[in-house]
Amino acid sequence: MSSLRLPIETDHLVLRPFERGDLEAVCRYHVLPTVQRYVERPTRYHEDVAKVISIMRDQVELHRPGDTLTLAMVRKGDHALVGQVSLRWSDATASQGELRFAIDPAESGKGYLTQALTALIDLAFDHFRIHRLMVRCDGRSHHSVKLMQKLGLRLEAHYREHALFQGEWDEELHFALLDREWRPSAQVVDLPVRGRVA
Amino acid sequence: MALHPDYPLLTARLRLRPFTRGDVDAVHAYRGREDVARYLFDPPLSRDECALAIQQRSTQTGFLEEGDRIVLAVEKRDDEGIVGEVSLIWRSVEARQGELGWIFHPDHHGRGYATEATNAMLDLGFGPADLHRIFARCDARNVPSWRLMERLGMRREAHFREHARFKGEWDEEFYYAILRDEWLSLRHSG
């Protein structure tokens, strides 16, 4: 596998690794209750976010299963950091990956996540040779559900009250996408046929 | 909650009781079969492996902490032979989650024994064990298995495609679940 080339450009965004100087920009959306509502580990204060950024700054390649690649979504033009996307290589034997994302609510509805996730899905299937991608989201998160449907992911699981999440019974949805279900890559044409390592 | 039921558990036609050392041959009669093992995680078991499994099961009769399992032999009340086995695993203490499982000898399929025995395990899980949700899973090709879950009133919650490798192939797996409220309304509607 050739090494990963960053940053990645989409129509309106540059996807790049996080930097120390991103703290203020990330805090602007990360600590908001509407974002905190759906995150696994709460980051309610600046120091929590600083810790998260120091972790995310190291998430720049997928070398072994369990590794995560996290990229900041930076708008071309004004260089505003509007959100983040990540790809976790969860299993090598079955080539499984998981996507996660968060966006500044003030910047949602502009198609940024669609662009960023499309680029990340291309990367997962074309570059990292992932066989199946999955996304978990809270059943109440209607924006996420719509986004998954728009990207063409299938609803694979709808768990009801299978765990406690932030002190309440959860409702969790799993969406998934197999490599052969994804549209032909927009960025790589005439992809050479390569044997997949199952 | 912690649970140490009084055995045997009785249903209309069946007796559910802990395994004993004398059960090795009866268990090997079905766990040794290729057709029984097809959709199980384990391959067909040798007689020695069955003996070892039964040794473990002699202590798997109650819930004390997360991960504990209750595995019971299922017999006909009017007959000594084992027709199969049922299990309940305490998956989460905090969220009161349990996982239901069963394996029956093919000679005894089609008589409603699995339905009767697994219903008794749901009653144990939602009754004395005070669980909030019980789930079960199976290979999507194992039609009798998910038909049984539907008869039990469980809902299909997940349909995973190629999310793992299973015995050298891509797997396809169903998850079914039932909540305590759903179980209560089933029992009260008769």
Side-chain angles (χ1 to χ4, degrees), chain A residues 40 65-66 87-99 121 124-125 128-139 145 148-149 151-182 195-198, chain B residues 1 41 66-67 88-100 122 125-126 129-140 146 149-150 152-186:
Chain A
E40 250 168 314
L87 166 65
R88 181 169 177 271
W89 186 18
S90 39
D91 178 66
T93 331
S95 304
Q96 304 286 304
E98 180 173 356
L99 296 172
I121 295 171
F125 290 140
F128 291 114
R129 297 288 168 181
I130 295 287
H131 177 67
R132 173 180 168 276
L133 280 174
M134 64 96 84
V135 177
R136 286 179 295 157
C137 77
D138 192 294
V145 173
M148 292 306 106
Q149 289 167 338
L151 287 166
L153 279 79
R154 272 178 294 106
L155 180 65
E156 276 203 338
H158 182 167
Y159 293 118
R160 288 179 55 208
E161 307 184 8
H162 85 316
L164 288 161
F165 180 69
Q166 300 188 1
E168 289 182 275
W169 285 116
D170 74 332
E171 188 169 350
E172 188 174 304
L173 307 181
H174 287 207
F175 289 89
L177 184 66
L178 297 175
D179 50 3
R180 63 174 179 278
E181 295 172 326
W182 184 233
R196 180 181 312 289
V197 179
Chain B
M1 65 175 78
F41 288 107
E66 193 162 291
L88 188 65
I89 308 172
W90 204 6
R91 287 292 184 196
S92 165
V93 172
E94 182 201 49
R96 293 153 54 210
Q97 305 283 307
E99 179 175 356
L100 178 66
L122 287 182
F126 287 123
D130 194 34
L131 295 174
H132 181 75
R133 173 179 170 275
I134 294 176
F135 71 96
R137 46 193 167 151
C138 75
D139 193 290
W146 58 260
M149 299 190 227
E150 294 190 345
L152 292 173
M154 300 174 93
R155 283 170 289 102
R156 186 181 296 175
E157 281 200 338
H159 180 176
F160 293 118
R161 293 178 55 205
E162 307 185 10
H163 79 316
R165 302 287 294 177
F166 180 70
K167 297 188 173 176
E169 293 178 275
W170 286 115
D171 79 329
E172 188 173 345
E173 193 174 7
F174 287 146
Y175 274 59
Y176 276 76
I178 181 168
L179 295 171
R180 176 186 195 78
D181 285 351
E182 295 169 329
W183 169 81
L184 277 173
S185 62
L186 278 177

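Per chain, numbering begins at 1; letters A, B, ... match sequence-line order.
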| message | Run B:Arg165 and A:His131 through side-chain contact (heavy atoms from CB on, under 4.5 Å) and show every step you take. | response | CA-CA 11 Å; B:Arg165 302 287 294 177; A:His131 177 67; over 6 Å; no
Separation between [atom1] of [X] and [atom2] of [Y], rounded to the nearest 0.5 Å:
{"X": "B:Glu162", "Y": "A:Glu181", "atom1": "CD", "atom2": "CD", "value": "8.0 Å"}
{"X": "B:Asp181", "Y": "A:Arg160", "atom1": "CG", "atom2": "CZ", "value": "9.0 Å"}
{"X": "A:Leu173", "Y": "B:Glu157", "atom1": "CG", "atom2": "CD", "value": "10.5 Å"}

| request: Flag the one option from A:His158, A:Met134, A:His162, A:His174 with the top tally of heavy-atom pairs under 4.5 Å to chain B. | output: A:His162
| task | Looking only at non-hydrogen atoms, find the nearest pair between B:Ala158 and A:Ala157 and report the distance. | result | CB-CB, 3.4 Å
If I measure from the heavy atoms of chain A, does [X] come under 4.5 Å with its side chain, its backbone, both, or neither?
{"X": "B:Glu173", "value": "neither"}
{"X": "B:His132", "value": "side chain"}
{"X": "B:Phe160", "value": "both"}
{"X": "B:Arg161", "value": "both"}

| Given a strict heavy-atom distance threshold of 4.5 Å, which part of A:Leu164 is in contact with chain B: side chain, backbone, both, or neither? | both
| said: Less than 4.5 Å to any heavy atom of chain B: does that hold for the side chain of A:Glu161, its backbone, both, or neither? | reply: both
